[in-house]
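The block underneath contains the structure these notes are about, expressed in structure tokens.
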Amino acid sequence: MSQEIIDKYTSGEYKYGFVTNIEQEFAPKGLTEETIKFISQKKNEPEFILDFRLKAFDFWKKMKQPNWQKVQFPDIDFQDIHYYAAPAVKSKPKSLDEIDPEIRDTYNKLGIPLEEQMMLAGIAVDAVLDSVSVATTYRERLAEAGIIFCSISEAIQDYPELIKKYLGSVVPYTDNYYAALNSAVFTDGSFVFIPKGVRSPMELSTYFRINAAQTGQFERTLIVADEGAYVSYLEGCTAPMRDENQLHAAIVEIFVHKDAEVKYSTVQNWYPGDKEGKGGIYNFVTKRGLCAGDNSKISWTQVETGSAITWKYPSCVLKGNNSVGEFYSVAITNNYQQADTGSKMIHIGENTRSRIVSKGISAGKSDNSYRGLVKISKKAKNARNFTQCDSLLIGDKCGAHTFPYIESENPSATVEHEATTSKISDDAIFYLNQRGISTEDAVGMIVNGYAREVIMQLPMEFAVEAQKLLSISLEGSVG
Amino acid sequence: MKFIESLKEQNHNFKINSEKLQQAESLGLPNFKTELWKNTPLPRNIYDYSIATHNSDRNQPLSISDVFVEPNAEHYKFENGFCQQLKNQQFENQLIENKIDECFFAKDIFYLLNKSIENIANQFVFNHKNEKQIVRLDYISDAANLELINLQNNFVLEESANAEIFLNFIGNDNTIQNNIFTIIQSPNSHLKINILSNNKDSQIINNFKIIINDNAHLTINNISLKGKFVRNNIQVDINGSNAEVIANGFYYVSENNVADNHILMNHNAPNSFSNQFYKGIIADEGRGIFDGKIYVKKDAQKTDAYQTNRNILISQDARIFTKPALEIYADDVKCSHGATSGFLQEEEIFYLMSRGIDKENSQKLLLKAFANDLIEKISNEEYKIWLENQIEKILE
């Protein structure tokens with residue numbers, strides 16, 4: 001492959017860099033007990049949430065920033081971040097028309113007009129702009145089915161008993177450094193509850209945006225599927241261009257009861273920083289699902305094209321017998337991006353099965369690592385895992401790494417892991433060239449074919465978007 | 001830690017590098033948070049071990065048994081770290097000293113402890129061209145008290161040399177052998193290393209640092225069939241082009257023993273080949289650990305590097321921890337790794353049973369086949385047959 005083409009592919013710029021000029025309300029910079037009380041008071045939270053936050057904060061103060069991950073970044077000054085920022089809207093909008101036109105314009109620029117989404121795709125969008133939910137659509141139709149889909153702050157007000165039961169049940173605040181931080185200062189996020197035996201009539205979707213400068217975004221998503229329920233949840237992210245690195249430390253918790261299934265799909269294209277590696281989002285996320293009941297299933301699908309640093313390991317704890325965990329991932333890194341991502345599958349119940357398919361693509365001067373854990377505990381009779389992680393290198397300045405941990409304590413379990421690393425072969429490009437396809441298109445085609453196994457797992461509308469994102473990520477219009 | 005204290009005292013003939021000893025002491029013993037010891041429990045009573053000296057008590061000397069006797073080999077016997085045929089000394093070898101500390105186990109207390117004693121090294125030089133030199137080294141540790149035995153052996157292969165080395169480790173359960181092997185292969189040299197732990201009580205920590213140059217060939221056959229605690233750290237630095245490294249490993253772990261294999265294949269130069277192939281059978285309450293890594297440096301284009309680790313657990317309480325890792329900074333490479341952990345397939349057992357073989361024998365047959373898959377790769381015909389017999393005995 002000629003140098004020109006590599007350069008062309010690896011010099012893309014971020015298309016979604018703009019700032020929405022709306023008045024914002026900030027908490028003062030820095031993290032103290034007062035900040036937490038301020039957030040809690042602003043959100044008018046009940047006592048037990050404040051307790052939860054303060055306990056998490058106490059715990060966080062005793063912890064050290066982890067340093068085992070294969071990424072490099074300057075120390076984060078946690079006292080230099082706004083922990084609360086909300087558009088200064090006087091009263092909550094009752095319909096889409098009441099939403100600040102500038103905010104709606106922002107979404108239009110992102111190519112996700114709410115109306116269009118609602119009409120064409122029939123998707124309910126709970127759009128989050130810097131911490132406070134601004135638009136919740138299709139709530140009524142979901143309510144008919146008995147599904148609760150709202151922002152987590154509303155859920156705290158309206159369904160405190162559910163929150164009390166499930167918040168922190170999958171990711172306790174003691175879990176890790178950023179989980180503790182998130183538990184202390186989380187501002188908003190989504191809450192989904194699917195009652196017994198209900199199949200969600202539509203796919204639920206949230207678009208996250210980080211807007212204000214120097215605002216760490218601390219989202220908290222909680223999805224609960226009761227017995228026999230099914231839901232497919234979509235999360236998509238974009239963030240505007242800015243020079244300082246922004247911290248995004250979210251938690252996603254999924255609690256799945258007997259016979260229920262949750263499918264969680266993410267397309268993430270946060271701002272990755274410019275070509276010199278300046279700026280960009282630090283994405284340190286804890287995502288975990290618990291298959292608590294028998295025959296339950298969780299499926300994670302992610303397409304990661306953004307963030308200066310991505311550091312996340314969507315995991316499944318397979319506690320119920322016959323439960324299933326899946327993880328499908330495509331991670332693209334370009335320029336100076338760093339990604340350390342993978343999955344954890346903890347097999348506890350009998351006959352549990354899991355599957356990990358991870359495809360990494362590194363270009364430019366980036367580093368892309370897969371880090372995963374498959375743990376078969378003593379009781380997990382006949383557990384089965386298959387892991388495949390492939391890496392593709394474009395150019396000779398990038399790195400691709402694989403760190404799989406496999407721990408098996410049960411003789412009846414079968415664990416398989418395989419991985420390959422290679423570049424796009426000259427033969428493949430030559431083959432396509434021969435058939436009149438330009439080298440550039442050939443690379444796009446090969447990359448798409450390479451990631452196909454994962455893209456196919458996404459819901460249809462998302463798959464189209466992801467496919468586009470994949471080609472433009474490398475072609476040079478989106479970073 | 002008694003072993004550190006005993007080195008600080010002056011009643012021994014060791015030349016101490018106090019800086020290294022200080023480092024070892026401040027590092028302390030590893031625990032489950034230490035990445036290299038994450039899944040490896042330390043030998044029992046590790047705090048009570050002192051350092052073996054010339055005057056170590058040996059009230060029940062061990063005899064050499066269960067080792068492969070290669071008739072053409074030069075034979076050396078190390079007893080508690082000392083060989084009567086050779087004089088322990090300190091070597092000023094520029095080539096070795098410059099590179100030796102660049103290894104993944106350099107920040108390990110046992111490594112630093114060993115390196116803090118300067119005059120315990122022996123050096124073997126292989127310089128015959130066109131003639132194969134064979135050496136057999138038996139390392140016996142049979143001190144009566146709890147003692148840690150430190151030893152350093154250097155092997156230098158000069159240009160076009162051809163050598164085969166047999167390393168046999170035999171010990172009682174009072175002793176821990178803590179060995180460092182440094183191997184330098186000059187261009188066009190060929191080397192086979194046969195590492196064997198086949199003694200039921202031995203506790204061994206081996207650190208291998210191997211540097212190979214252009215067109216050199218290296219084969220490692222790392223077999224541990226018995227042993228309470230066997231840990232092999234191997235780092236191969238491929239610093240030349242067209243070099244070829246084959247690392248075969250087999251471990252059988254029974255009772256509550258530990259077999260721990262760490263291997264790092266460093267591709268620092270383009271156009272080289274490496275293949276790691278490790279298989280293990282874990283029985284009883286055994287614990288197997290495999291931690292292998294392929295590292296491909298930025299300019300090491302056209303590297304072919306492969307890694308496979310397969311394990312079978314044959315008891316309820318057996319455990320395996322495996323971590324096959326890749327770290328790659330060059331794009332024109334072919335690298336792959338695979339790891340499996342499983343059990344004997346019902347179908348396979350059924351197949352054999354339906355042909356009139358009882359269940360127990362079917363299982364044995366399958367396990368033997370699993371092991372032979374690896375043993376077959378050993379090119380020394382007699383050694384291979386000998387190993388096959390040993391494995392058969394163990395599986396009985």
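Letters A, B, ... mirror the listed sequences (proteins, then strands); counts begin at 1. In this text, all values refer to a predicted model and were calculated from it rather than measured experimentally.
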(request) Output, in order, the C-alpha distance, side-chain angles, deciding distance and verdict of side chain to side chain contact (heavy atoms under 4.5 Å, CB included) for A:Glu407 and B:Asn39. (result) CA-CA 9 Å; A:Glu407 302 180 1; B:Asn39 301 307; 3.9 Å; yes

(message) Whether B:Asp331 and A:Lys397 form a salt bridge (side-chain N of Lys/Arg under 4.0 Å from carboxylate O of Asp/Glu) is what I want to check.
(response) no

(request) Would you check, one step at a time, whether the test side chain to side chain contact (heavy atoms under 4.5 Å, CB included) holds for A:Thr402 with B:His337? (result) CA-CA 9 Å; A:Thr402 317; B:His337 68 183; 3.7 Å; yes

(request) Return the option, out of B:Ala330, B:Gly342, B:Cys335, with the maximum number of heavy-atom pairs under 4.5 Å with chain A. (result) B:Cys335

(message) Looking at A:Lys379, I want to see if its NZ is surrounded by more than 12 non-hydrogen atoms of other residues, nucleotides or ligands under 6.0 Å.
(response) no

(request) Look up atom OG in A:Ser408 and atom CD1 in B:Ile312, then write down how far apart they are to the nearest 0.5 Å. (result) 12.0 Å

(message) Let's test your reading of the structure: which of A:Pro411, A:Ser391, A:Cys389 forms the most heavy-atom pairs below 4.5 Å with chain B?
(response) A:Pro411

(message) So for atom CZ, which belongs to A:Arg353, do other residues, nucleotides or ligands contribute more than 12 heavy atoms lying within a distance under 6.0 Å?
(response) no

(request) Can you tell which part of B:Thr322 gets under 4.5 Å to a heavy atom of chain A, answering side chain, backbone, both or neither? (result) both

(message) At a 4.5 Å cut-off on heavy atoms, which part of B:Gln301 comes close to chain A: side chain, backbone, both, or neither?
(response) side chain

(message) Looking at every heavy atom in both B:Phe343 and A:Ser412, which two are closest together, and how far apart are they?
(response) CE2-O, 3.2 Å

(message) Within the supplied structure, the quantity of interest is the number of heavy atoms (other residues, nucleotides, ligands) at a distance under 6.0 Å from B:Glu360 CD; does it exceed 12?
(response) no

(message) Measuring from atom NZ of A:Lys423 to atom CD1 of B:Ile328, what distance do you get when rounded to the nearest 0.5 angstrom?
(response) 14.0 Å

(message) Is it the case that over 12 heavy atoms from other parts of the model lie below 6.0 angstrom from the NZ atom of B:Lys334?
(response) no

(request) Might you point out which heavy atoms bring A:Pro404 and B:Pro324 nearest each other, and give the distance in Å? (result) CD-O, 2.6 Å

(request) Report the distance from atom CD of B:Gln316 to atom CG of A:Asn410, rounding to the nearest 0.5 Å. (result) 5.5 Å

(message) Using a 4.5 angstrom heavy-atom cutoff, name the option from A:Ser425, A:Cys398, A:Ser362 with the most pairs to chain B.
(response) A:Cys398

(message) Does B:Lys279, at its NZ atom, have more than 12 non-hydrogen atoms belonging to other residues, nucleotides or ligands within less than 6.0 Å?
(response) yes

(request) Please check if atom NZ in A:Lys365 has more than 12 non-hydrogen atoms from other residues, nucleotides or ligands closer than 6.0 Å. (result) no

(message) Under a 4.5 Å cutoff for heavy-atom pairs, which residue among A:Phe386, A:Tyr370, A:Tyr405, A:Phe403 has the most contacts with chain B?
(response) A:Tyr405

(request) Would you sort out whether B:Asp317 and A:Lys378 count as a side chain to side chain contact (heavy atoms under 4.5 Å, CB included), showing the intermediate values? (result) CA-CA 8 Å; B:Asp317 300 308; A:Lys378 221 167 177 146; 2.9 Å; yes

(message) Taking salt bridge (charged side-chain N to carboxylate O under 4.0 Å, His left out) as the definition, give me every residue that meets it alongside B:Asp108, ordered by chain and number, with sequence neighbours left out.
(response) none

(message) Give me the atom names and distance for the closest heavy-atom approach of B:Leu313 to A:Glu409.
(response) CD1-C, 4.5 Å

(request) Nearest 0.5 Å please: distance from the CG atom of A:Asp396 over to the NZ atom of B:Lys298. (result) 6.5 Å

(request) Heavy-atom distances under 4.5 Å only: say whether A:Asp367 touches chain B with side chain, backbone, both or neither. (result) side chain

(message) So for B:Asp291, is it side chain, backbone, both, or neither that comes closer than 4.5 Å to the heavy atoms of chain A?
(response) neither

(message) Using the ring pair (Phe, Tyr, Trp, His ring centres under 6.0 Å) criterion, which residues pair with B:Tyr251? Sequence neighbours excluded.
(response) none

(request) Considering only NZ, NE, NH1 and NH2 on the basic side and carboxylate oxygens on the acidic side, decide whether A:Glu416 and B:Arg310 come within less than 4.0 Å. (result) no

(message) Once you measure the plane-to-plane angle for B:Tyr329 and A:His401, does it fall in the parallel (<30°), tilted (30-60°) or perpendicular (>60°) bin?
(response) tilted

(request) Heavy-atom distances under 4.5 Å only: say whether B:Ala339 touches chain A with side chain, backbone, both or neither. (result) both

(message) Please classify the contact between A:Ala413 and chain B as side chain, backbone, both or neither, with a heavy-atom cut-off of under 4.5 Å.
(response) backbone

(message) Heavy-atom pairs under 4.5 Å with chain A: which of B:Ala325, B:Gly338, B:Ser341 has the most?
(response) B:Ser341

(message) Rounded at 0.5 Å granularity, tell me how far CG in B:Asp332 sits from OG in A:Ser422.
(response) 10.0 Å

(request) Output the distance between atom CD1 (A:Ile406) and atom CG (B:Asn309), rounded to the nearest 0.5 Å. (result) 7.5 Å

(request) Assess whether atom NZ of B:Lys302 is packed by more than 12 heavy atoms of other residues, nucleotides or ligands within 6.0 Å. (result) no

